[in-house]
There are 2 protein chains.
Amino acid sequence: MAADTYEAKRAGSGMAAKGRVTIREVAERAGVSVATVSRVLSGNYPVPPATRTRVLRAARALDYVANAHARALVGGGRKMVAVVLRQVTSPFYAQVAEGVEAEAAGRGWLCLVGTTGGDPERELEFVQLMREEGARLVILVGGVVEDDAYRERVTHYAQALDAAGARLVLCGRPAPGPDIPALVVEFDNEAGAHAITGHLLSAGHRRIVFLGGLPGNTALDARVAGYRAALAQHGLPPEAEHVVDCGLGRAAGHRAMAELLRDGAGFTAVFAGDDMVAAGALRAIAEAGLRVPDDISVVGYNDIPLAEDFNPPLTTVRTPAEELGRAAVRIALRDPEHAAGAHHLLGTHIVVRDSVAAPRGH
Amino acid sequence: MAADTYEAKRAGSGMAAKGRVTIREVAERAGVSVATVSRVLSGNYPVPPATRTRVLRAARALDYVANAHARALVGGGRKMVAVVLRQVTSPFYAQVAEGVEAEAAGRGWLCLVGTTGGDPERELEFVQLMREEGARLVILVGGVVEDDAYRERVTHYAQALDAAGARLVLCGRPAPGPDIPALVVEFDNEAGAHAITGHLLSAGHRRIVFLGGLPGNTALDARVAGYRAALAQHGLPPEAEHVVDCGLGRAAGHRAMAELLRDGAGFTAVFAGDDMVAAGALRAIAEAGLRVPDDISVVGYNDIPLAEDFNPPLTTVRTPAEELGRAAVRIALRDPEHAAGAHHLLGTHIVVRDSVAAPRGH
DNA sequence: CTGAAAGCGCTAACAC
DNA sequence: GTGTTAGCGCTTTCAG
C-alpha cells in the first residue's frame, strides 16, 4: 500500500482529497496494471473476459469512479455544452435551457447552465470559465442591446472558442459581424409581430399600443418593426404608432400599463413585448376596473406555459422555446464545419385564445 | 517550438485540441519559467512588479486561459456545486435553482444544473457524473417516493460523496436513515397545509377535496397529513376527507378536476397539491361553466410567480423557493462538520388572494 | 494479452 | 526572485 502518499495528499489538500479511490487502487485489488484497468473501463480495447470480470469486480467493490479531470487532461474529456441565460426563472429561458439540456443529454453530453442577470460582465466571466473548463459548445441565449461593446465582446468569444476547437451559438441575438465563427439560431420576431398585429387589426383595432419596447435590444426592435410594418401595410398613418419603451418583465408591464390608463390615452388594444409584460398589463387593467377583452384587447409574445391560465387566457405568439434550444445544439453538432457563420430562422405562429375582441362600438 | 507535439496532438484528438494556449507558451513569450507564470496568475505568491507585468502582458497577448482540468488535478480545482431537479421549466424548481446559483456564484463557485425528469436512473447517472467531476456539493431537490430503493440509492450517494470529501444536501426529501452524512433542508409541508386548510375551514367550507395526492411522495404525503390534521382539529369526521391521488402537474389537475365535476361529488372547495395542479383545476372549473370562488373555492401550494395572474388570483401557500436553494448552499458551506445529519425546516405562510369565498348559501 | 512508461497542463516544494 | 522538478490520475503507445 502506498499509504504514505495518501496520507501526504490528505494532509496537503485539506479534506477535499480524502480518500478518493484511484485507478491504481483498483489495479492493485484486481492484481493487474493500471493500463489494464483503463482498458476494461474505457471498453475500447479487447480484454479477455476473465481479467475483465476481475477488474470490474474490484472497481465495483471500491465504488470507483474515474477522475473526469485526469481524463480530460489526457484528451478524452467529457463533451460539455454550456448555456448562458439571463435567468432560469423566466419561463421562456427555462424552456430554452430544457431544450438544450434534453438534446445534450440525449447525446451523452453534459449541460451546464449559467445565468448572468443580464450583466455583460458576468457573461464574459462565464464564457471565460467555460473556456477554462473546456466546453465544446457555448450557447448564448436572449436578445441584447447591440452596440460596439457587444460586437467586440462576442467577436472575441467566437474567435477564442474557435481557436480552441469549440463552437459558439447565438440564440436570439445577432452575429457581431461577418465571417465570425458563430452560428445564429433565432425566431423570426418581425414576422411574428407582424402577424399578431395583423390579428388585432383584423379584429377592427386601429389604436394599438406596443408595450415593452427596449431600444437597442435586437429582439424587441424586431418585434416593434413587425408591429410598424403591419400598421403601415394596413394603411395607417405613422401617428397611429405608439410604442412604450418600458422594457420587459411583469413589473414593468404593470407599471407602464397603469400609467397609460391613468393618462387616458385613446387606445383599444395593447401588444405586449412578451407574455410577462402582458401579465403585468392584464393585472393593471383589472385594477383599473376595466375588462379584457371587452374594454381593451391584449396580446403577448412567446406563449409561455401559463399564458393559458391568465385572465383571460392570452392570445399570443408561440415561439417554440424548447425547440430553439434543441435546434441550437442539433445544428451546431450536425455539421460543425458548415454551421459556422450560418443563420437559422425558426418560425412562429399565433395562438388565439380569449384576450382579443372587436373594439367597443365596432 | 514544440510544433511536432502540437501537430501530433491535433491529429490525435480531432480538432478539439486545436491550438489551446498553454502556460508554457506564455512562459516562453514572457521569457520566464512556467512556475513564475503560475505564480503571477495564481496571485498567491509575491512576484516583482516588473516580471509580473511581462507575464500578464504575454498572457493577455496570447489570450491565455488556464486549463481547469489540469488545475483540478493538482488540487486547486474550482469549487463546484451541482443541483439536481426534475425539470427547470417548473417554476418552483427554477426558483430553487436560481437560489442555489445565486448563492454559489456569490461565493465564486460554479453551479451545474442537472435535470432528471423524475427518473431515478438519470438521477443516479448524474450523481455519478458529479462524483467524476469532483463536485464538492450536490443538492438533490424535490419530493420523492420514499421506498427501499430510494433509501439505498441515497445512502450510497451520501457515503460516496462523503468519502470524497463532498457534501450532500437533500431539499424537500428525507434523509435515507439515521447517521447518514447528508443535510436536509425543507419546508414544513404539514404546517403549511394545515394552515391553508384552516383558512378554507374558517371561510365555512366543510367539504374540501385535496387534489394531487401522490402516495409515497414525501412532500405530498406531508401536505395530505396537514390537511387531515386540520379537518380533524375542526371536529370533522374522517368521512369528510377526500383526497384524489392524481399526482402533480397542470394536466393531471385539469383531468382530475374535470372528472370530479362530472361525477358531481358534493364539495365546495379544493386544495390543490401545488399551484400547477391549481391552474389545471381552475381551467377545468371554468370549462364546466362554474366560477371561482362563487361556486367553488380553490387554493394552491408554492405561490409560483404567476399565481397572482391566474383567474382568479390564487390564494396559496408561499414557500420561499429561492431561499430554499440559498439556504441549502449556505448551511452546507457554513459549518460543514456540523451540517452533516442536520435537519432544517423552513417556514411558510399563506398568501390570501381572490380564490376563496364562503361556500354557497353560507 | 498485458505491463512499463511517457506525458496531458498545471502547482508546489525545493533548490539556487 | 526565479528556475527545476516531481507528481496529480489517467490514457495510450510501445515492448514483451
Side-chain angles (χ1 to χ4, degrees), chain A residues 2 4-6 8-14 16-17 19-28 30-52 54-55 59 62 64-78 131-134 164, chain B residues 2 4-6 8-13 16-17 19-28 30-55 59 62 64-78 131-134 164:
Chain A
D4 50 341
T5 302
Y6 288 105
K9 188 179 65 180
R10 194 174 311 186
S13 59
R20 179 156 179 183
V21 178
T22 71
I23 197 174
R24 180 126 101 221
E25 296 168 60
V26 178
E28 276 169 14
V32 296
S33 72
V34 295
T36 302
V37 176
S38 173
R39 288 196 267 255
V40 348
L41 293 175
S42 301
N44 50 14
Y45 199 90
V47 171
T51 17
R52 202 184 124 74
R54 290 224 319 286
V55 170
L62 293 166
Y64 169 77
V65 286
N67 182 320
H69 299 298
R71 227 173 222 178
L73 197 53
V74 71
R78 191 183 314 287
R131 289 220 278 148
E132 294 186 2
E133 297 285 340
Chain B
D4 50 340
T5 302
Y6 288 104
K9 191 177 63 180
R10 194 175 311 187
S13 58
R20 180 157 179 181
V21 178
T22 72
I23 196 174
R24 178 123 104 222
E25 296 168 58
V26 177
E28 276 170 13
V32 297
S33 73
V34 296
T36 301
V37 176
S38 174
R39 288 195 267 254
V40 351
L41 294 174
S42 301
N44 50 12
Y45 199 89
V47 172
T51 20
R52 204 185 122 74
T53 310
R54 290 224 320 286
V55 169
L62 294 165
Y64 168 78
V65 287
N67 183 322
H69 299 299
R71 230 173 219 178
L73 199 51
V74 72
R78 191 183 314 287
R131 287 221 277 151
E132 294 186 3
E133 297 286 340

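Reminder, nothing fancy here: chain letters follow the sequence lines and each chain counts from 1. What you are looking at is a predicted structure, and each value in this text was computed from that prediction instead of being measured.
Picking from D:dG9, D:dT2, D:dT11 the nucleotide with the shortest atom distance to the side chain of A:R71 gives D:dT11. Residue A:V34 has its side chain nearest to D:dT11 when only C:dT2, D:dT11, C:dT11 are considered. Listed nucleotides: D:dT2, D:dT12, C:dT11. Nearest to the side chain of A:A35: D:dT12. In this structure, of C:dG3, C:dG7, C:dT11, it is C:dT11 that holds the atom nearest to the side chain of B:S42. Which of C:dT2, D:dT12, C:dG3 sits closest to the side chain of A:N44 comes down to D:dT12. Checked against D:dG9, D:dT2, C:dC10, the side chain of B:L73 finds its nearest nucleotide in D:dG9. With distances taken from any side-chain atom of B:T22 to the nucleotides D:dT12, D:dG3, C:dC10, the minimum falls on C:dC10.
Computed from coordinates, the B:N67 CG to C:dG7 C1' distance equals 14 Å when rounded to whole Å. Atom pair B:R39:CZ and C:dC14:P shows a separation of 14 Å (rounding to whole Å applied). Here the P atom of nucleotide C:dG9 and the CZ atom of A:R131 are 16 Å apart, to the nearest Å. Atom NE2 of B:H69 and atom P of C:dC10 are 12 Å apart (whole Å). Between B:R78 atom CZ and C:dT11 atom C1' there is a gap of 15 Å when expressed in whole angstrom units. Straight-line distance from the CD1 atom of B:I23 to the P atom of C:dA12: 11 Å, rounded to whole Å. Here the P atom of nucleotide C:dG3 and the CZ atom of A:R24 are 14 Å apart, to the nearest Å. Atom CD of B:E25 is separated from atom P of C:dC8 by 12 Å (rounded to the nearest Å).
Atoms CD and NE2, on A:E133 and B:H69 in that order, are 5.5 Å from each other to the nearest 0.5 Å. B:I23 CD1 to B:N67 CG: the interatomic distance, rounded to the nearest 0.5 Å, is 10.5 Å. In this structure, the separation between CZ on A:R39 and OG1 on A:T36 is 5.0 Å, given to the nearest 0.5 Å. Atom OH of B:Y64 and atom CZ of B:R20 lie 8.0 Å apart (nearest 0.5 Å).
Comparing A:L41 and B:V47 by the nucleotide of DNA chain D whose heavy atom lies nearest to each, the residue mapping closer to the 5' end is B:V47.
Crowding of B:R78 atom CZ: a count of heavy atoms from other residues, nucleotides or ligands under 6.0 Å exceeding 12. For B:R54, the CZ atom sits in a packed shell: over 12 heavy atoms of surrounding residues, nucleotides or ligands are nearer than 6.0 Å.
Looking at heavy-atom distances under 4.0 Å, B:A66 makes contact with sugar-phosphate atoms alone, never a base.
Contact annotation: B:T51 side-chain N/O to D:dG1 OP1/OP2 distance is not under 4.0 Å. For D:dG3, the OP1/OP2 oxygens have no side-chain nitrogen or oxygen of B:Y45 closer than 4.0 Å. Distances shown here put a side-chain N or O of B:T36 below 4.0 Å from the OP1 or OP2 atom of D:dG3. Between A:S33 and C:dA4, a side-chain N or O to OP1/OP2 separation shorter than 4.0 Å is absent.
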